Number of protein chains: 2
Amino acid sequence: MENLKTQKAYKGQPKILVATDCIVLGFDEGVLKLLVFKRRVDPLAGEWSLIGSFVNEDESITDAARRVLLKFTGLEDIFMEELRTYSDVDRDPGGRCICIAQYALISIADYDRGQVEKHGARWFTFDELPNLVLDHNDMVAEALKKVREKARHRPIGFELLPEKFTIPQLQKLYEAIYQRLLDDRNFRKKLLSFGLLIKLDEKDRSGSKKGAFYYRFDHEKYAKLEKSGFDFEI
Amino acid sequence: MENLKTQKAYKGQPKILVATDCIVLGFDEGVLKLLVFKRRVDPLAGEWSLIGSFVNEDESITDAARRVLLKFTGLEDIFMEELRTYSDVDRDPGGRCICIAQYALISIADYDRGQVEKHGARWFTFDELPNLVLDHNDMVAEALKKVREKARHRPIGFELLPEKFTIPQLQKLYEAIYQRLLDDRNFRKKLLSFGLLIKLDEKDRSGSKKGAFYYRFDHEKYAKLEKSGFDFEI
DNA sequence: CCAAAAGTGTTCCCTCTACACCCATGT
DNA sequence: ACATGGGTGTAGAGGGAACACTTTTGG
């Protein structure tokens, strides 16, 4: 840390409460789901809310979001990206507070059910999603829009699937994200053409008698390609 | 405002200094330029810095950024978008402070030279750009990356040109953004094919004897198209 | 043997790219 | 008349979209 002189430089400037809220998306039973919980602090205690927290003085926004996600899902190393800052002066009746919203994509198979229940959290599909507190509905809508846009150019879909997945699963995921049906032949062709899916010997027989081969995404190869300007366009 | 009960709800939570910095880009003499100024507060007073300010308790981040831009350029209604939040605990030796960076695109013909000079600000090309304080170099690099990506799908280029512009001017702008030469026939064809450029009767004769027709961008028509999912792809 | 999902190829069309010459005008 | 930048058309290649049938196997 620096010295007293520099500490004084910013003395008297207006400090503000800073929070972060997470739009946590998962993919389960062929549909996208959102993790929300019952807010415990007043005002609006008992209402449905995104999971979030105030940001402490000794942590970055990312640190705070990771702390929240760990607490509510038991998961670490989750894909997470900043959405935007919500800073309207009157956005929170509890007091002036800006919020940096982040969206997180998780493989719904992996989360810790115990943690979720312990904190009064629940997964909702978007059909049955209740009204959320404050500007959280806006955050969710914007996050969905951003995920849709982003999925067209970056392979973020794989974050929502387990390590091993089948092509039909992947297609259903993209259909859920884009909200429209895709041609199965063209989809498979396109995805395989990138050379980024590694076919495994194992089959998933839960979806059909014939069984579908498992694949995994080649993150290492993609990382290299991305540096040289590769666009994962779907 | 609400009542004392709710004010108390967040009592004791950690307040933090919040700032916003603006990556102000302009296009002049065929190259992109960045507006920076000599920082006046300690620590690091006298060093080159992005223009910015602390966020007051009674204003949103956008309000703060608009205030800064007005002060330094004399301009209002500027295109501006959030880049991201910089929140590393040690990013500022002056004290814990998070910063929401925003990039702004302005028509360099329009700004108020008096305002710029009065505040010790200057336009730099990226070739001659000096080192900036704190993490401002990162912010600039990320803003450029974002502008490049965004320009491929949204008509943000027009924000950097005057209301009236010629096709060759527009092409030079895109060449400056993408850092590569474009084919003039294909470029013209593509741009005109959208039906979003309105040809004026007037010519700009500053660049050649023959003169190039002025056009303006049809913002209204684009707004409608965008709602129905139109992608302005260049 | 049948139902149910997995897997496979081809044709057409449209868009992107590459490329070279005439036009208008001020000096 | 000439130099300078503005403006136009076309042919070939490649990628996206549309489309139907065979394969596998548990029950």
Side-chain angles (χ1 to χ4, degrees), chain A residues 27 29-31 151-153 155 157 161-162 164-216 225 229-234, chain B residues 29-31 151-153 155 161-162 164-216 225 229-234:
Chain A
F27 178 67
E29 298 166 341
V31 290
R152 283 179 57 182
H153 299 281
L161 292 175
K164 295 188 305 187
F165 53 85
T166 68
I167 306 264
Q169 276 171 21
L170 187 61
Q171 184 177 339
K172 284 194 192 67
L173 168 62
Y174 274 96
E175 289 177 338
I177 292 176
Y178 295 147
Q179 306 260 70
R180 66 187 180 89
L181 295 176
L182 303 172
D183 181 273
D184 55 346
R185 288 156 289 188
N186 293 337
F187 181 81
R188 179 184 296 267
K189 209 186 312 166
K190 187 73 190 288
L191 265 289
L192 291 175
S193 74
F194 293 132
L196 288 166
L197 297 189
I198 299 167
K199 189 174 186 172
L200 307 181
D201 278 336
E202 205 180 341
K203 273 189 170 185
D204 165 34
R205 302 201 178 263
S206 69
S208 73
K209 336 255 170 164
K210 186 178 177 182
F213 278 104
Y214 278 119
Y215 288 79
R216 58 185 189 79
L225 284 173
F230 175 76
D231 197 29
F232 189 91
E233 176 134 17
I234 299 185
Chain B
E29 299 166 341
V31 290
R152 284 179 55 181
H153 299 281
L161 292 175
K164 296 188 304 186
F165 53 84
T166 67
I167 306 263
Q169 275 171 21
L170 187 60
Q171 183 177 340
K172 285 195 192 67
L173 168 62
Y174 274 96
E175 289 178 338
I177 294 176
Y178 295 147
Q179 306 261 68
R180 66 188 180 88
L181 295 176
L182 303 172
D183 181 274
D184 55 346
R185 288 155 289 189
N186 294 336
F187 181 81
R188 177 182 298 264
K189 210 185 314 166
K190 187 74 189 288
L191 265 289
L192 292 175
S193 75
F194 293 133
L196 287 166
L197 296 189
I198 299 168
K199 188 173 185 173
L200 306 182
D201 278 336
E202 206 179 340
K203 275 189 168 184
D204 166 34
R205 302 200 179 264
S206 69
S208 73
K209 336 254 171 163
K210 185 178 177 182
F213 277 105
Y214 278 119
Y215 289 79
R216 58 185 190 79
L225 284 173
F230 175 76
D231 198 29
F232 188 91
E233 176 135 17
I234 299 184

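Remember, predicted model here, so these are calculated numbers, not experimental data. Residue numbers begin at 1 in each chain, while the letters A, B, ... track the order of the sequences.
- Looking at heavy atoms from C-beta onward, A:Arg152 lies in side-chain contact with B:Asp231 at the 4.5 angstrom threshold.
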Check: protein-nucleotides 22-27 of chain C nitrogen or oxygen pairs below 3.5 Å:
from: C:dC23; atom 1: O2; to: B:Lys210; atom 2: NZ; distance (Å): 3.2

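- Rounded to whole Å, atom C1' of D:dT8 lies 11 Å from atom NZ of B:Lys199.
- Residues passing the side chain to side chain contact (heavy atoms under 4.5 Å, CB included) test with A:Ser208, sequence neighbours excluded: A:Lys210.
- A:Phe213 is linked by a side chain to side chain contact (heavy atoms under 4.5 Å, CB included) to A:Lys199, A:Lys203, A:Tyr215, counting only residues two or more places apart in sequence or in another chain.
- Rounded to whole Å, the distance from CG on B:Asp184 to P on C:dA20 is 12 Å.
- Partners of B:Glu175 by salt bridge (Lys or Arg N to Asp or Glu O under 4.0 Å), not counting sequence neighbours: none found.
- Partners of B:Ala176 under the side chain to side chain contact (heavy atoms under 4.5 Å, CB included) rule, at least two apart in sequence or in another chain, are B:Phe27, B:Leu32.
- Closest of all the heavy-atom pairs between B:Ile234 and B:Tyr178 is O-OH, 3.8 Å.
- B:Asp231 has its CG atom 14 Å from the P atom of C:dT15, to the nearest Å.
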Report all interatomic pairs (protein N or O, nucleotide N or O of nucleotides 9-11 of chain D) with separations under 3.5 Å.
from: D:dT10; atom 1: O4; to: B:Lys189; atom 2: NZ; distance (Å): 2.8

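- Residues from residues 164-176 of chain A that place a heavy atom under 4.0 Å from any atom of DNA chain C, listed by number: A:Pro168.
- Taking all atoms of both residues into account, the shortest heavy-atom contact from A:Ala151 to A:Ile177 is CB-CG2, 4.2 Å.
- In this structure, the side-chain hydrogen bond (donor to acceptor under 3.5 Å, both in side chains) partners of B:Lys189, at least two apart in sequence or on a different chain, are B:Asn186.
- Residues passing the side chain to side chain contact (heavy atoms under 4.5 Å, CB included) test with B:Arg185 are B:Asp183, sequence neighbours excluded.
- In this structure, the ring pair (Phe, Tyr, Trp, His ring centres under 6.0 Å) partners of A:Phe165, at least two apart in sequence or on a different chain, are A:Phe158.
- Take B:Arg188 and apply the salt bridge (Lys or Arg N to Asp or Glu O under 4.0 Å) test, not counting sequence neighbours, and it matches no residue.
- Note: CZ (A:Phe187) to P (C:dG7) measures 12 Å, nearest angstrom.
- The shortest heavy-atom contact between B:Ser206 and B:Asp204 is OG-OD1, 2.8 Å.
- Going from atom OH of A:Tyr214 over to atom C1' of C:dA6 covers 14 Å, rounded to whole Å.
- Contact check of residues 190-197 of chain A against DNA chain D (heavy atom, cut-off under 4.0 Å) returns A:Lys190.
- Separation of atoms NZ (B:Lys164) and CD1 (B:Ile198) is listed at 13.5 Å; rounding is to 0.5 Å.
- Between the CZ atom of B:Arg180 and the C1' atom of C:dC16 there is a distance of 12 Å, rounded to whole Å.
- Nucleotide D:dT25 holds its P atom 14 Å from the CG atom of A:Asp204, rounded to whole Å.
- Across the protein-nucleic acid pair, B:Glu233 atom CD and C:dC16 atom P stand 8 Å apart, rounded to whole Å.
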